[in-house]
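A short worksheet on the structure shown next.
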Amino acid sequence: MSIGFACLTLGLYDYQFRTVMAKNANKETLYEVINHNLTILDKMIDYCAENKIYMYRISSDLIPFGSSPINQLPWESLFQEKFISIGKKIIENRIRVSLHPGQYTVLNSFKEDVVDRAILDLIYHNKILDLLKIDSTHKIILHIGGAYQNKQAAIQNFENNYKRLNPDIQSRLVIENDDKIYTIEEVLQIGEKCQIPVVYDNLHNQINPSFPLQSDKEWIERCARTWKPKDGKQKTHYSQQAKGKKSGSHSFTIDIETFLQYYRSTNSHHQFDIMLEVKDKNLSAIKCNQAVFDYFSITDLEKEWAKYKYLVLERSPNIYQAIRLLLQSKKEYPVVAFYSLLEEAFAVRLQTSVVCNSLEHVWGYFKDKATLTEKKKFFSMLEKYKTGIIKLQQIKRYLFRLATSYQITYLLQSYYFEEDFIN
DNA sequence: CACCGTCAAGTCGCA
DNA sequence: TGCGACTTGACGGTG
């Protein structure tokens, strides 16, 4: 089984997808953006393989306006070879990919034009998988849609419109319970009736539950029966509620203890795949994979530690020391303790004096190389940060520029400059 | 260069 | 009946 992440990465340099606004969507711009996005996708697949992450959701934004007449570029033929080579890489590395049309793709609408656009959008998503030349174990995940004050009629509408889809699309389509309208019981009834595999989403079920209540394990077991051999391994979605945020918001990271509890209570025989929905994306995917699979070792923890260390030092020198100690014995594999300590560190509020201490540590990489001007600039920024004139982001951006110009690989490969960690 | 409004989709809930 | 919220990250104009 596999544990994967969705669409984007954190802490990696130059892995950003580009988008285009409708008014700028001319052929030249579209060509450049699609070409760029396919290059990024190719790098993402490499990244997954290198990190032993065997599941990845491809962003629907891969081809801007991919299902809209705004995009008049014959991108399928123009980029055919690029798709094929990425597809080969996906197969060679045994990575399972998926696609997830957004909330605005509504197959069960009572407005014919909305349904037409939904079908075009599913054709677009299917086309990506076709161009990659990968089979029907690589799925397209869809929600049922609106309720329109008459759920039974709306469900019937979904079923009717599903039957209008091309069998190729049907063979790849799977349906999922959502956080507002369709519960897992309702989605299962549709899936069982129409032979559509069902993806169980634990958080959606938590906030939009089906009565009588059943355990995650029970729902997952019932969903399992909707998955046929041609569909590949059963897929599920897993996320945790962000504390203090509104219901349904995904947590920043996956709490490893909570995850393992869920994992052990549901997936002890490795019978299904898990797509994580979490803000820190690839980082939680690495964490959960390392916590579950025996093909990781202390060396892999050390590699992750190298990337996290200055983020930990800038929050808690005590936890920094504790992790150093923890990883000293090369015979153990203290994966849960390691990630629990990381989580503990990220819960610590930034304190200016501690942050400055770590900034000076990082400055250590430059102090023999930097020019006098650069040195002056850094220490003047440090003073401005101490007095609250500038933000941490600004001084880190400066250090990132230095790391780039002096090619300090160790820093450039770390998560230290990732701005999503600063809040 | 930092900051923040805008974009793009369909449904639903609240004036 | 109409309009804002919902959602998301990147774009792109402003200061």
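Labels below follow one simple rule: chain letters A, B, ... track the order of the sequence lines, proteins then strands, and each chain is numbered from 1. Just so we're clear, the structure is a prediction, and the values are computed from it rather than from any experiment.
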Salt-bridge contact [X]-[Y] (side-chain N to carboxylate O under 4.0 Å):
| X | Y | value |
| --- | --- | --- |
| A:Glu277 | A:Arg57 | yes |
| A:Arg397 | A:Glu419 | yes |
| A:Arg222 | A:Glu192 | yes |
| A:Lys235 | A:Glu176 | no |

Nearest-neighbour nucleotide for the [X] side chain, [options] considered:
| X | options | result |
| --- | --- | --- |
| A:Arg117 | B:dC12, B:dG10, B:dC1 | B:dG10 |
| A:Tyr148 | C:dT8, B:dT11, B:dA8 | B:dT11 |
| A:Met21 | C:dC11, C:dG9, B:dG10 | C:dC11 |
| A:Gln103 | B:dA2, B:dC12, C:dC6 | C:dC6 |

Tell me: [atom1] of [X] to [atom2] of [N], nearest whole Å?
| X | N | atom1 | atom2 | value |
| --- | --- | --- | --- | --- |
| A:Asp420 | C:dA10 | CG | C1' | 13 Å |
| A:Gln149 | B:dG13 | CD | P | 8 Å |
| A:Asp61 | C:dA10 | CG | C1' | 9 Å |
| A:Asp280 | C:dT8 | CG | P | 15 Å |
| A:His143 | B:dC12 | NE2 | P | 14 Å |
| A:Asp179 | C:dA5 | CG | P | 18 Å |
| A:Arg18 | B:dC7 | CZ | C1' | 16 Å |
| A:Lys396 | B:dA2 | NZ | C1' | 18 Å |

Name the nucleic acid region contacted by [X], choosing base, sugar-phosphate or nothing; use a 4.0 angstrom heavy-atom cut-off, strictly under.
| X | answer |
| --- | --- |
| A:Lys180 | nothing |
| A:Ala147 | sugar-phosphate |
| A:Ser68 | nothing |
| A:Gly102 | nothing |

Given the ring of A:Tyr398, does A:Lys377 sit roughly above its face, with NZ or CZ under 6.0 Å from the centre of the six-membered ring and within 45° of the axis?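 That pair qualifies as a cation-pi contact.
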So, is A:Lys246 close to the C:dA5 phosphate, meaning a side-chain N or O under 4.0 Å from OP1 or OP2?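 No, because none of the side-chain N or O atoms of A:Lys246 sits under 4.0 Å from OP1 or OP2 of C:dA5.
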Dump the intermediate steps for ring pair (Phe, Tyr, Trp, His ring centres under 6.0 Å) on A:Phe421 and A:Phe252, then the final yes or no. CA-CA 9 Å; A:Phe421 283 115; A:Phe252 180 78; 5.6 Å; yes
Identify, between A:Ala22 and A:Ser109, the residue whose nearest nucleotide on DNA chain B lies closer to the 5' end.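 The 5'-side residue here is A:Ala22.
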Could you say whether A:Phe110 or A:Arg397 is positioned toward the 5' end of DNA chain B, judged by the nucleotide with the nearest heavy atom to each?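 Upstream on the strand: A:Arg397.
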Would you measure the distance from the [atom1] atom in [N] across to the matching atom in [M] and give it in whole Å?
| N | M | atom1 | answer |
| --- | --- | --- | --- |
| C:dG4 | B:dG5 | P | 15 Å |
| B:dG13 | C:dT7 | P | 14 Å |
| C:dT1 | B:dA8 | C1' | 23 Å |

When the nearest nucleotide of DNA chain C is assigned to A:Gln16 and to A:Lys23 on a heavy-atom basis, which residue is associated with the more 5' position?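 Between the two, 5'-proximity favours A:Gln16.
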